[in-house]
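Here's the structure we're looking at; comments come further down.
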Protein chains: 2
Amino acid sequence: MSKRELADPGPVEVFAALGDPTRLSLLTKLSDGQTRSIVTLSADTNLTRQAVTKHLQVLERAGLVRSVRVGRESQFGYRPEPITEARSYLDRVSAQWDDALERLKALVER
Amino acid sequence: MSKRELADPGPVEVFAALGDPTRLSLLTKLSDGQTRSIVTLSADTNLTRQAVTKHLQVLERAGLVRSVRVGRESQFGYRPEPITEARSYLDRVSAQWDDALERLKALVER
DNA sequence: GAAAAAAGCAACCAAAAGGTTGCCTTTTTG
DNA sequence: CAAAAAGGCAACCTTTTGGTTGCTTTTTTC
C-alpha cells in the first residue's frame with residue numbers, strides 16, 4: 001500500500017461534488033465525452049470564469065473530471081470511474097433495503 | 001399541478017444530503033428497514049443529539065427518511081424513492097458516456 | 001514583437017453548514 | 001405525582017463554500 005498516486009476518493013466526496021447544481025450540470029455536459037476549456041464551460045453559466053474554475057477543481061478532486069493543459073488552455077474531460085462507484089454504493093443501499101423488505105414479508109406470511 | 005404535497009426533491013438535493021459522512025452513515029444504518037429514535041441514532045456518533053437532529057432534518061427534506069412521532073420519541077425510517085431516482089440519474093450519465101465511447105469507436109473503426 | 005486570449009493566483013466577502021450549549025415541553029415510569 | 005427520558009427551539013460560534021475583483025503569467029495570433 002504505497003504507490004497509490006491519486007486514489008479515487010470515497011463515495012462521500014463524490015456525492016458532495018454532485019450536490020451542487022452548477023457542478024452537476026458541468027459534469028453532465030462533459031459526460032458527452034467531449035473535452036472542453038474553462039472559458040467554453042463558463043459560457044452558458046452567468047458565473048465568472050473563476051467561479052467555474054473552482055467548481056471544476058472540486059470535481060477534479062472528487063475524481064470526476066481530469067484536466068490536461070494543452071497550449072494556453074486546460075481541457076477538462078469526464079472520468080467515469082467515480083460515477084460507477086457511486087452507483088454501486090447506491091445499489092448496495094437499495095439491496096439492503098430490499099432484503100429487509102423480503103425478510104419482513106417472509107415473517108408476515110409465515 | 002397544484003396538490004403536490006411534499007414532492008421528492010431533485011437529484012441535486014439528494015446528492016447534497018448524501019455528501020456528508022454522518023448523514024451517509026445514518027442513512028445506510030436506517031436502510032436495514034428498522035426504525036430508530038434520535039437518541040438511538042446518536043448513540044454511536046460522538047456528536048450531540050442536536051447535531052444528529054439537524055442531519056436527520058436534512059435527510060428528511062431530501063426525502064430520504066421519514067419521521068413519525070410515537071409517544072415521546074420520533075421514529076425515523078428509510079424512504080427508498082430518492083435513492084432509486086438518484087441511481088437512475090447516475091445511470092443516465094453513465095449511459096451518455098457509454099454512447100459517446102461507442103460513437104467514437106465506430107468512427108475510428110470505419 | 002505587441003495585443004489578445006486563456007488561465008493561474010490571491011485576497012476578500014457574505015452566506016450557509018456543522019456544531020455547541022441552554023432551556024422549555026411532553027411523555028413515560030417508579 | 002415527581003423524576004427521568006426524549007425531543008423541540010433558539011441563540012450563538014467557527015469553518016467552509018460559493019462567489020467576486022484584481023493582477024500576473026503563458027501562449028497565440030496579427
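Letters A, B, ... mirror the listed sequences (proteins, then strands); counts begin at 1.
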Exercise for the section: Would you tell me whether B/Gln75 and B/Ser37 have side-chain atoms, one donor and one acceptor, within less than 3.5 Å of each other? Expected result: no

Practice task
Determine whether the side chains of B/Glu60 and B/Ser67 contain a donor N or O and an acceptor N or O closer than 3.5 Å.
Solution key: yes

Distance below 4.0 Å between [X] side-chain N/O and [N] OP1 or OP2:
X	N	answer
B/Ser74	D/dG8	yes
A/Thr48	D/dG19	no
A/His55	D/dG19	yes

[atom1] of [X] versus [atom2] of [N]: gap in Å, rounded?
X	N	atom1	atom2	answer
B/Leu18	C/dA17	CG	P	15 Å
B/Asp20	D/dT15	CG	C1'	14 Å
A/Leu47	D/dT21	CG	C1'	15 Å
A/Leu24	D/dG18	CG	C1'	16 Å
B/Phe76	D/dA6	CZ	P	15 Å
B/Leu59	C/dA17	CG	C1'	14 Å
A/Gln75	C/dA6	CD	C1'	11 Å
A/Arg61	D/dT17	CZ	P	8 Å

Completion exercise
Of A/Gly19 and A/Gly71, the one whose nearest nucleotide on DNA chain D sits closer to the 5' end is A/Gly19

Exercise for the section: Kindly indicate whether the side chain of B/Thr45, heavy atoms from C-beta on, has any atom under 4.5 Å from the side chain of B/Leu41. Expected result: no

Practice task
Determine whether A/Glu85 and A/Val14 make a side-chain contact, defined as any pair of heavy atoms from C-beta on separated by less than 4.5 Å.
Solution key: no

Handout entry: Toward the 5' end of DNA chain C, by each residue's nearest nucleotide, A/Arg72 or A/Lys54
Key = A/Arg72

Handout entry: Heavy-atom donor-acceptor pair, A/Arg49 side-chain to C/dA7 base, under 3.5 Å
Key = yes

Practice task
Record whether the side chain of A/Gln50 comes under 3.5 Å of the base of D/dG18 through a donor-acceptor pair of N or O atoms.
Solution key: no

Handout entry: CZ/A/Arg66: more than 12 non-hydrogen atoms of other groups inside 6.0 Å
Key = no

Completion exercise
Ranking D/dG19, D/dG7, D/dT20 by distance to the side chain of A/Thr22, first place goes to D/dG19

